Protein chains: 2
Amino acid sequence: MNIGDVSNQTGLPAKTIRYYEDIGLVKPLRDDNGYRRFRRQDVHKLNFLGRARALGFTIEDCRTLMALYEDETRASADVKKVARAHMAQIEAKIADLNAMRDTLSHLIDACAGDDRPDCPILQDLGGKA
Amino acid sequence: MNIGDVSNQTGLPAKTIRYYEDIGLVKPLRDDNGYRRFRRQDVHKLNFLGRARALGFTIEDCRTLMALYEDETRASADVKKVARAHMAQIEAKIADLNAMRDTLSHLIDACAGDDRPDCPILQDLGGKA
DNA sequence: ATGGGGGTTCCAGTCACGGGAAGGTCAAGG
DNA sequence: CCTTGACCTTCCCGTGACTGGAACCCCCAT
């Protein structure tokens, strides 16, 4: 399979697939004309990567997870550890965003949103507390 | 005031303050020795920027908000519009992260986390529905 | 021969800075 | 007067995970 077909099958942009090859996540073969030739296992890997990325794992996490995936003797504890660390990051981010949303929500509610210049949002940013 | 003092007062790293000057968000004066000299209004602006950034506004949003802040004839509707657009982004991000967290949470719960290789997390990533 | 739709590489840009090098400036202490 | 150390300056590179675009090659159908 050429890169276009793989892109269609996996939903990953061709650019992204090339990038993944660049950083060593997949190693497709090459045809005589220089085109990448992807085997089933390459496509499988790319699907794995796509799903892991969709869950927010970093590329380095993906590398780790792939290695575990391919290691028949892995301990599930190692996988779980990576997943838990990642979930902690996500929860921290959610907490940050929730705090922002709450503050913004209050400010937006307090703002008349008309053609007058008085604005609690700007007052708050200006340090009026 | 020199940049170090401003950094202490605003909590912004000196690097960040220089960057903000680079992109035209503040325009401190210069002493004969080349040092930046910040006036009260510069410090005030930087505090404004710090708070806006803490609420997650992009630099471009900050630029817009600053302009509105300094425009006595602004309409609060314009401010509110920027804030609402930003809040929509935040909420979208929260939704994404919540979805990730939920999926991860299920997978983590299902994973034994022991020294055996069986792992529902990897099975899921590997495409086994 | 030509046109179009593949593919290839490489370079630059994104966003909002942070790290670090190489060097100028200033106040205090010996 | 000299040194030390804490400031300050500019400049350039790196971050993460790509995306856009240029310039070029390849293959098939008309």
Side-chain angles (χ1 to χ4, degrees), chain A residues 1-38 42-43 45-46 48-66 85-86 89-90 92-93 96-97 100, chain B residues 1-38 42-43 45-46 48-66 85-86 89-90 92-93 96-97 100:
Chain A
M1 283 171 87
N2 284 346
I3 200 167
D5 308 316
V6 178
S7 175
N8 284 334
Q9 281 215 12
T10 60
L12 296 172
K15 278 269 188 188
T16 299
I17 297 172
R18 290 195 195 97
Y19 173 64
Y20 287 172
E21 186 191 11
D22 259 16
I23 63 174
L25 285 178
V26 274
K27 298 184 178 48
L29 305 175
R30 293 291 178 141
D31 286 341
D32 289 345
N33 57 13
Y35 287 19
R36 289 169 182 81
R37 187 157 58 79
F38 294 84
D42 297 320
V43 179
K45 270 194 187 190
L46 286 167
F48 182 102
L49 291 169
R51 276 185 286 264
R53 291 287 301 129
L55 285 179
F57 285 104
T58 65
I59 289 285
E60 281 319 300
D61 279 347
C62 289
R63 206 187 289 280
T64 304
L65 291 171
M66 276 282 301
H86 177 46
Q89 300 267 331
I90 287 184
K93 218 163 196 178
D96 283 357
L97 290 172
M100 290 179 193
Chain B
M1 283 172 85
N2 284 345
I3 200 167
D5 307 317
V6 178
S7 175
N8 284 334
Q9 282 213 15
T10 61
L12 297 172
K15 279 271 186 186
T16 298
I17 298 172
R18 290 195 195 97
Y19 174 65
Y20 288 171
E21 187 191 11
D22 261 16
I23 63 175
L25 286 177
V26 276
K27 298 185 177 47
L29 305 175
R30 293 290 179 139
D31 286 340
D32 290 344
N33 57 16
Y35 287 19
R36 289 167 181 82
R37 188 158 56 80
F38 294 84
D42 297 320
V43 178
K45 270 194 187 190
L46 287 167
F48 182 101
L49 292 168
R51 276 185 286 263
R53 291 287 300 128
L55 285 180
F57 285 105
T58 65
I59 290 284
E60 282 320 300
D61 279 347
C62 289
R63 205 187 291 279
T64 305
L65 291 171
M66 277 280 303
H86 177 47
Q89 299 267 331
I90 287 183
K93 218 165 197 177
D96 284 358
L97 289 172
M100 291 180 192

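Numbered from 1 within each chain, the chains take letters A, B, ... in sequence-line order. A quick note: this is a predicted structure, and the numbers were derived from the prediction, not measured.
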Please report, rounded to the nearest Å, how far the [atom2] atom of [N] is from the [atom1] atom of [X].
X        : N       : atom1 : atom2 : result
Ile59(A) : dT19(D) : CD1   : P     : 11 Å
Arg63(B) : dC15(C) : CZ    : P     : 11 Å
Leu55(B) : dA16(C) : CG    : P     : 14 Å
Asp22(A) : dA12(C) : CG    : P     : 16 Å
Asp61(A) : dA17(D) : CG    : C1'   : 14 Å
Asp32(B) : dT9(D)  : CG    : P     : 14 Å
Ile23(B) : dG13(C) : CD1   : P     : 17 Å
Glu60(B) : dC17(C) : CD    : C1'   : 15 Å

Q.
Out of the candidates Asn2(A), Asp5(A), Val6(A), only one should pair with Phe38(A) under the side chain to side chain contact (heavy atoms under 4.5 Å, CB included) rule; please name it.
A.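 For Phe38(A), the side chain to side chain contact (heavy atoms under 4.5 Å, CB included) test succeeds with only one of Asn2(A), Asp5(A), Val6(A), which is Val6(A).
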Identify which nucleotide among [options] has an atom closest to any side-chain atom of [X], counting heavy atoms from C-beta outward.
X        : options                   : value
Pro13(B) : dC18(D), dG18(C), dA17(D) : dG18(C)
Tyr35(A) : dG7(C), dA17(D), dT19(D)  : dG7(C)
Arg30(A) : dG21(D), dT9(C), dG18(C)  : dT9(C)
Asn33(B) : dC10(C), dT9(D), dT25(C)  : dT25(C)

Q. Is a donor on one side and an acceptor on the other found under 3.5 Å between the side chain of His86(B) and the backbone of Leu55(B)?
A.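 Checking the backbone N and O of Leu55(B) against the side chain of His86(B), a donor-acceptor pair under 3.5 Å is found.
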Q: Please confirm whether the backbone N or O of Asn33(A) pairs with a side-chain atom of Asp31(A), one donor and one acceptor, at under 3.5 Å?
A: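 Here the side-chain-to-backbone pair does not exist.
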Is the phosphate of [N], meaning OP1 or OP2, less than 4.0 Å from a side-chain N or O of [X]?
X        : N       : answer
Arg18(B) : dG18(C) : no
Thr16(A) : dT19(D) : yes
Arg36(B) : dT9(D)  : yes

Q) Closest nucleotide of DNA chain D for Asp5(B) versus for Lys15(B): which of these residues is on the 5' side? A)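 Looking at DNA chain D, the more 5' nearest nucleotide goes with Asp5(B).
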Q | Any donor-acceptor N/O pair under 3.5 Å between dG16(D) base and Tyr19(A) side chain | A |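 Checked by distance alone, the answer is no.
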Q. Any salt bridge between Arg18(B) and Glu21(B), counting N to O under 4.0 Å?
A.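 Judged by the 4.0 Å cut-off on N to carboxylate O distance, Arg18(B) and Glu21(B) do not form a salt bridge.
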Q) For Arg63(A) and Thr58(A), what are the C-alpha separation, side-chain angles and deciding distance, and is it a side-chain contact (heavy atoms from CB on, under 4.5 Å)? A) CA-CA 9 Å; Arg63(A) 206 187 289 280; Thr58(A) 65; over 6 Å; no
(Q) Both Arg37(A) and Phe57(B) contact DNA chain C. Taking the nearest nucleotide for each, which residue is further toward the 5' end? (A)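 Closer to the 5' end of DNA chain C: Arg37(A).
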